[in-house]
Amino acid sequence: MAAQPEAFLLPPPPSSSSSRAQDEEERASSPTVEAPRPRNGFRSAGGGGKRRSSCGTKQPAWKRRRRAASECGPVLPSEFLLGGNIFDPLNLNSLLDEEVSRALNARTPQSSPLPARGRDPVEILVPRDITDPLSLNAPGEGLRLASPAKTARRRHRHRGQQRAAATSNAASASSNASAVANDESACPHALPASSTSPPCASTLPASGRHRKRRRTCSKSEGARPPPEKPKPPGKNPQRQRRQTRKFQYGNYCKYYGYRNPDCEDGRLRAMRPEWFAGKEVLDVGCNVGHLTLSIAKRWGPARVVGLDIDGGLIHSARQNIRHYLSEEIQAEAAGAEGGNGGGGGGGRKGFPAALLASRGPIAAPRLPPDGPGASDFPHNVVFVTGNYVPDREEVVTAQRPEFDVVLCLSLTKWVQLNWGDEGLKRLFRRAYRHLRPGGILLLEPQPWASYRKRKGLTETTYRNYHRIRLRPEQFPSYLTSPEVGFDSYELLGTPQHAAKGFQRPIYLFHKGRGDTP
């Protein structure tokens with residue numbers, strides 16, 4: 001037999017007085033059941049029975065309404081911050097009558113957020129008119145603060161010094177305490193150390209306008225390290241510092257920058273133009289080529305070769321040709337403009353100075369012309385990368401004469417530190433065989449006192465420094481000895497310089513005209 005659908009449990013309709021009497025008798029005979037209490041201040045509309053499903057079949061599990069875990073319903077709060085109740089949580093009724101509000105707000109409720117110890121005081125805005133909390137009736141008047149406003153803390157610039165002073169004071173206090181303890185052991189009538197020692201620095205009142213910050217950690221804890229600064233993203237924290245480049249061969253990239261700052265090289269004054277005019281010149285250890293280019297531009301040699309062991313310096317020297325050429329073009333343009341009386345458009349104008357400063361030299365070496373102009377600047381200068389120190393004696397023996405002038409300026413120290421006395425001797429013999437009969441060697445040796453400053457660059461330089469026996473003052477006697485072969489020499493002088501280390505003598509060695517390699 002099919003189950004009949006359940007119906008709603010509704011109270012029977014009040015039909016007659018007999019039925020009412022019968023109901024009262026049944027209630028009296030049945031055990032007493034207390035009526036359900038209203039929940040949340042509301043009364044249920046029905047007779048208190050459970051709600052049943054209207055359909056006969058059971059609903060699926062995902063459609064069923066979840067029942068409470070316990071029989072009791074949710075409990076609403078009974079205490080309110082402003083002293084209200086469930087029907088007036090914000091206690092707005094107290095604003096209707098001033099006497100009632102004074103009575104209700106005479107004592108702060110226990111559930112109000114009182115300022116805890118160690119926290120900043122709570123700031124409360126109290127309106128001028130309690131009946132107009134938003135000041136709508138008097139918009140021009142401001143609000144009054146019941147508690148003082150919190151002042152912004154200023155960072156103390158000398159806080160580190162104050163901490164150091166506090167530490168020193170604490171150290172002196174501990175020393176005084178130990179001294180008093182020693183005296184106490186000597187004298188039994190002395191006062192205890194606690195009465196004589198000064199109070200701790202943390203208990204002293206802060207002096208000055210700045211309030212001392214309250215310590216949040218216990219005294220047993222050590223001093224906390226300063227917080228690490230957040231590192232910007234994208235950077236490797238393990239990146240090592242760029243190592244300082246060791247100029248082992250004296251190949252300083254800014255050598256002329258600190259030797260000749262905004263001035264002419266003083267060594268040019270010790271030289272004579274007739275030594276270079278129409279001659280072939282070799283500059284050993286030319287660096288970035290400033291001295292080499294000055295000789296090639298001023299005195300018109302047939303060919304100038306700049307040689308250096310560092311390829312980067314040779315690249316810079318080739319770029320410097322454009323700088324010297326731009327100066328020449330500007331000088332020609334200025335002379336042509338001055339020859340025309342300063343007339344507009346008559347002379348050849350150079351590039352603006354701003355363009356040269358921002359973009360570098362614009363002029364480039366032209367193609368070498370055919371004829372007498374082939375030996376003019378900048379076609380008479382070339383830069384080559386290479387090591388002039390021979391590694392064996394066969395290279396010295398195979399050398400043939402090619403140049404009339406050989407420049408060896410501020411080079412001997414680096415040769416001796418890297419290749420020792422034997423390397424410097426081979427260089428001198430090769431320079432002699434590289435000169436044509438009647439040629440000259442210009443030598444500028446560094447003083448022996450400067451060797452010690454650079455001996456620790458590498459292990460090789462340190463080892464060779466202690467093996468050096470040929471000192472700079474012995475160079476003239478060695479070069480004029482039969483082992484090398486120069487006929488004579490002369491001291492041209494010692495050019496003056498602002499730095500004492502660059503005041504170096506310059507020697508001129510002559511090769512005999514009848515001498516052949």
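Start at 1 with the first residue, then count along the sequence.
A pairwise comparison of heavy atoms in A317 and G289 identifies CB-N, 4.1 Å as the closest pair. Looking at every heavy atom in both residues, L457 comes nearest to Q248 through CD1-CA, 4.0 Å. The two residues Y507 and P476 make their nearest non-hydrogen contact at CE2-CG, 4.0 Å. Residues V389 and G423 come closest through the heavy atom pair CG1-O, 3.6 Å. Shortest non-hydrogen contact noted between P505 and L491 is CB-CD1, 3.7 Å. Considering all non-hydrogen atoms of both residues, A270 and L492 come closest at O-CD1, 3.7 Å.
Atom-to-atom distance recorded for D487:CG and T480:OG1 is 9.5 Å, nearest 0.5 angstrom. One distance of note links NZ of K425 with OG of S481; it measures 9.0 Å at 0.5 Å rounding. The CG atom of L409 sits 8.0 Å away from atom CG of L443, with the distance rounded to the nearest 0.5 Å. Note that the CG atom of L442 and the CG atom of L508 stand 5.5 Å from one another [nearest 0.5 Å]. To the nearest 0.5 Å, the span separating NZ on K511 from CZ on R436 amounts to 10.5 Å. To the nearest 0.5 Å, the span separating CZ on R430 from CD on Q399 amounts to 5.0 Å.
A donor-acceptor pair under 3.5 Å is absent between the side-chain atoms of N387 and the main chain of I309, judged by distance alone. R433 places a side-chain N or O within 3.5 Å of a backbone atom of T397 that can act as its donor or acceptor partner. N320 places a side-chain N or O within 3.5 Å of a backbone atom of V288 that can act as its donor or acceptor partner. Using modelled atom types, one side-chain atom of Q416 and one backbone atom of L470 make a donor-acceptor pair closer than 3.5 Å. Under the 3.5 Å distance criterion, the side-chain polar atoms of R318 are matched with a main-chain donor or acceptor of F383. A donor-acceptor pair is defined here as one N or O able to donate and one able to accept, closer than 3.5 Å; such a pair exists between the side chain of R426 and the backbone of P390. Looking at Q503, its side chain does come within 3.5 Å of a backbone N or O of H497 through a donor-acceptor pair. For the pair D308 (side chain) and N287 (backbone), a donor-acceptor distance under 3.5 Å is present. In this structure a side-chain-to-backbone donor-acceptor pair under 3.5 Å is missing from D421 to I468.
R504 is listed as a side-chain neighbour of P447, based on a closest heavy-atom distance under 4.5 Å. Contact of the R469 side chain with the Q474 side chain is not registered, since no non-hydrogen atoms from C-beta on lie closer than 4.5 Å. Looking at heavy atoms from C-beta onward, F276 lies out of side-chain contact with V304 at the 4.5 angstrom threshold. A heavy-atom distance below 4.5 Å is found between the side chains of S294 and L268. Inter-residue side-chain proximity for C286 and I314 is flagged as met; some heavy-atom pair is nearer than 4.5 Å. Contact of the T494 side chain with the I506 side chain is not registered, since no non-hydrogen atoms from C-beta on lie closer than 4.5 Å. Annotation: side chain of L293 is in contact with side chain of F377 (closest heavy-atom distance under 4.5 Å). Residues V396 and Y432 are not in side-chain contact: their nearest non-hydrogen atoms beyond the backbone lie 4.5 Å or more apart.
Remark: Y478 pairs with no residue by the ring pair (Phe, Tyr, Trp, His ring centres under 6.0 Å) rule, at least two apart or across chains.
Counting non-hydrogen atoms of neighbouring residues, nucleotides and ligands closer than 6.0 angstrom, the CD atom of E459 reaches no more than 12 such neighbours. Y252 OH: more than 12 foreign heavy atoms inside a 6.0 Å radius. The local environment of CZ in F247 is crowded, with over 12 non-hydrogen atoms from other residues, nucleotides or ligands closer than 6.0 Å.
Taking the six-membered ring for Trp and the full ring otherwise, the centers of F486 and F428 sit at least 6.0 Å from each other.
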Practice prompt. Could you please spell out the steps behind the side-chain contact (heavy atoms from CB on, under 4.5 Å) verdict for V305 and L282?
Written response: CA-CA 5 Å; V305 178; L282 173 64; 4.1 Å; yes
Practice prompt. Report the C-alpha distance between R303 and F403 in whole Å, list the side-chain angles of each, state the deciding distance to 0.1 Å, and finish with yes or no for side-chain contact (heavy atoms from CB on, under 4.5 Å).
Written response: CA-CA 9 Å; R303 181 169 67 109; F403 296 97; 3.7 Å; yes
Practice prompt. Evaluate side-chain contact (heavy atoms from CB on, under 4.5 Å) for H510 paired with I440, printing each intermediate quantity in order.
Written response: CA-CA 5 Å; H510 297 273; I440 59 176; 3.7 Å; yes
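Applying the ring pair (Phe, Tyr, Trp, His ring centres under 6.0 Å) test between Y249 and each of W419, W414, Y388 identifies W419 as the sole match.
Neither side chain, S410 nor Q446, offers a donor N or O lying under 3.5 Å from an acceptor on the other.
Ring planes of H290 and Y324: tilted class, angle from 30 to 60°.
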